[in-house]
Colleague: 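Here it is, the structure, as structure tokens.
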Amino acid sequence: MPELPEVEVVKRSLERKISNLIIKNVEIRDGKLRYELNKEDINQIKGKKIIKIQRRSKFLIFEIGKNFFMLVHLGMTGKFFIMDGNERKFKTSFYYNINPQKDKKHDKVIFYLEKKKKLIYNDVRKFGFIKFYNYKKLYKSFHLINLGVEPLDKEFNLSYFKKYINGRDRNIKDILMDQKFISGIGNIYANEVLFASGVRPTRRVVKLSDFEINKIVRSIKKILSKSIRLGGSSIKDFSSDDGKKGVFQQYFKVYGRKGERCSNTDCNNKVMRIVISNRSSFFCNQCQK
DNA sequence: AGGCATGTTACAGG
DNA sequence: ACCTGTAACATGCC
């Protein structure tokens with residue numbers, strides 16, 4: 001589900017709903033995630049309070065009690081459900097159509113909170129993980145230490161961009177998804193950003209003009225922040241307990257649109273799909289140079 | 001049946 | 001030691 005905007009939306013939602021609550025108990029339904037869940041660590045958080053939830057790149061960082069941190073990555077299909085009493089609320093779901101019954105099968109960890117609330121970590125493909133650290137080790141962990149700038153930070157600008165690509169002969173799409181360069185962009189947003197910038201995903205970075213780089217930088221900031229504002233453009237809150245099918249609102253201009261007409265009104269070209277680094281890449285041959 | 005899927009990373013080769 | 005590209009991980013939908 002998650003690229004930066006989605007994770008940010010999840011973070012805000014969690015902050016609102018479960019911060020300042022004490023974790024009464026934790027049930028591990030299936031600890032086999034990307035990394036096996038550490039039971040001793042899990043035991044340590046019982047009786048402690050969720051103090052704060054932060055985001056770095058696509059990672060969520062829960063501060064629990066004093067000097068203890070839970071690092072969560074949602075992988076491809078990780079999501080959190082918050083249950084208030086018996087109601088299963090779909091706060092942040094993105095995996096085909098969510099079916100409450102089928103979905104329960106993939107509940108991995110259940111955090112029992114105060115006020116009869118529950119936080120459920122659910123992950124179909126098990127690429128996500130939950131790890132625990134103290135402060136020092138958290139920020140020294142290999143997950144966080146190699147991350148590049150946050151795309152929405154001022155630090156991410158033309159000169160940072162040029163400095164990084166200097167001497168690298170790679171295509172622009174790879175660079176945008178390179179977490180050591182900027183952290184938070186995945187396949188969907190890389191495609192969308194390049195469409196908005198009028199740059200083909202295959203372009204070598206050494207050949208980009210300052211004008212084009214600026215366009216890319218601005219598109220990144222614009223698209224990511226817009227997406228956060230909209231509640232994560234690739235996800236939609238579900239209220240499916242009444243049996244109604246949730247509706248995905250698609251805002252994508254090129255992603256997944258192979259063969260469809262280009263989104264630019266004055267263009268009759270069809271969107272192409274090619275594979276770059278094992279990932280689908282969509283673009284308009286006419287509008288992207 | 002086979003292809004495809006928002007993620008990271010271990011590994012091999014240069 | 002660095003840099004780059006490939007394959008693998010698990011599961012389900014089309």
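Labels below follow one simple rule: chain letters A, B, ... track the order of the sequence lines, proteins then strands, and each chain is numbered from 1.
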Colleague: Checking all strands, does A:Phe59 fall into the base, sugar-phosphate, or nothing category for heavy-atom contacts under 4.0 angstrom?
Modeller: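 A:Phe59: no heavy atom of the nucleic acid under 4.0 Å.
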Colleague: Less than 4.0 angstrom from a charged side-chain N to a carboxylate O is my criterion; do A:Glu15 and A:Lys52 meet it?
Modeller: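 Salt bridge flag = no for A:Lys52 with A:Glu15.
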Colleague: Ring-on-base stacking between A:Phe127 and B:dT8, under 5.5 Å between centres and under 30° between planes: is it there?
Modeller: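 One would not call A:Phe127 stacked on the B:dT8 base.
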Colleague: Among A:Tyr133, A:Tyr35, A:Phe69, whose ring pair (Phe, Tyr, Trp, His ring centres under 6.0 Å) with A:His143 holds?
Modeller: A:Tyr35
Colleague: If you check the A:Asp174 side chain, which of C:dT11, C:dG5, B:dT8 turns out closest?
Modeller: C:dG5
Colleague: Using the P atom in both, what is the distance from B:dT8 to C:dG12, to the nearest Å?
Modeller: 22 Å
Colleague: Which nucleotide in the set B:dA5, C:dT11, B:dT8 lies at the smallest distance from any side-chain heavy atom of A:His73?
Modeller: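 Of the candidates, B:dT8 comes closest.
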Colleague: From the list C:dC9, C:dT11, B:dC4, which nucleotide is the closest neighbour of the side chain of A:Arg34?
Modeller: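 The listed nucleotide nearest to A:Arg34's side chain is C:dC9.
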Colleague: In whole angstroms, how far is the P atom of C:dT11 from the CG atom of A:Asp107?
Modeller: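 Taking CG of A:Asp107 and P of C:dT11, I get 14 Å after rounding.
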Colleague: Within the 4.0 Å heavy-atom criterion, would you say A:Phe142 contacts the bases, only the backbone, or no part of the nucleic acid?
Modeller: sugar-phosphate
Colleague: Say you pick atom P in B:dC4 and the same atom in C:dT6; how far apart are they, in whole Å?
Modeller: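 B:dC4 and C:dT6 have their P atoms separated by 16 Å.
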Colleague: To the nearest Å, give me how far apart CG (A:Leu33) and P (B:dG7) are.
Modeller: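 For the pair A:Leu33 CG and B:dG7 P, the rounded distance is 18 Å.
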Colleague: Decide whether A:Arg273 and A:Ser280 meet the rule of one side-chain donor and one side-chain acceptor closer than 3.5 Å.
Modeller: yes
Colleague: Check whether any side-chain N or O of A:Lys180 sits under 4.0 Å from OP1 or OP2 of C:dC3, and answer yes or no.
Modeller: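 A:Lys180 to C:dC3 OP1/OP2: no side-chain N or O under 4.0 Å.
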Colleague: Any carboxylate oxygen within less than 4.0 angstrom of a Lys/Arg side-chain nitrogen, looking at A:Glu27 and A:Lys118?
Modeller: no
Colleague: Looking at the base of C:dG5, is there any donor atom on it, or on the side chain of A:Arg170, that sits under 3.5 Å from an acceptor on the other one?
Modeller: no
Colleague: Take the angle between the ring planes of A:Phe59 and A:Phe129 and call it parallel below 30°, perpendicular above 60°, tilted in between.
Modeller: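 Geometry flag for A:Phe129 against A:Phe59: tilted rings.
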Colleague: Out of B:dT6, C:dG12, C:dC9, which has the shortest distance to the side chain of A:Pro2?
Modeller: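 Per side-chain heavy atoms of A:Pro2, the pick is B:dT6.
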Colleague: Among C:dA10, B:dC4, C:dG5, find the nucleotide with the atom closest to the side chain of A:Lys126.
Modeller: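 Of the options given, the side chain of A:Lys126 lies nearest C:dA10.
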Colleague: Any side-chain N or O of A:Lys58 less than 4.0 Å from the OP1 or OP2 oxygen of B:dG7?
Modeller: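 The answer is yes; a side-chain N or O of A:Lys58 sits under 4.0 Å from OP1 or OP2.
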Colleague: Taking the nucleotide of DNA chain C with the nearest heavy atom to each, does A:Arg279 or A:Gly167 sit closer to the 5' end?
Modeller: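 Between the two, 5'-proximity favours A:Gly167.
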Colleague: So, under a plain 3.5 Å distance rule, would you say the side chain of A:Asn278 forms a donor-acceptor pair with the base of C:dA7?
Modeller: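 Indeed, a donor on one side and an acceptor on the other fall under 3.5 Å apart.
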Colleague: Nearest to the side chain of A:Arg125, which nucleotide is it out of B:dA5, C:dC9, C:dG12?
Modeller: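 Of all the options, the side chain of A:Arg125 is nearest to B:dA5.
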Colleague: Considering only the P atoms, how many Å lie between B:dG3 and C:dA7, rounded to the nearest integer?
Modeller: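 About 14 Å, rounded to a whole number of Å.
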Colleague: Under 4.0 Å between a side-chain N or O of A:His143 and OP1 or OP2 of B:dT9?
Modeller: yes
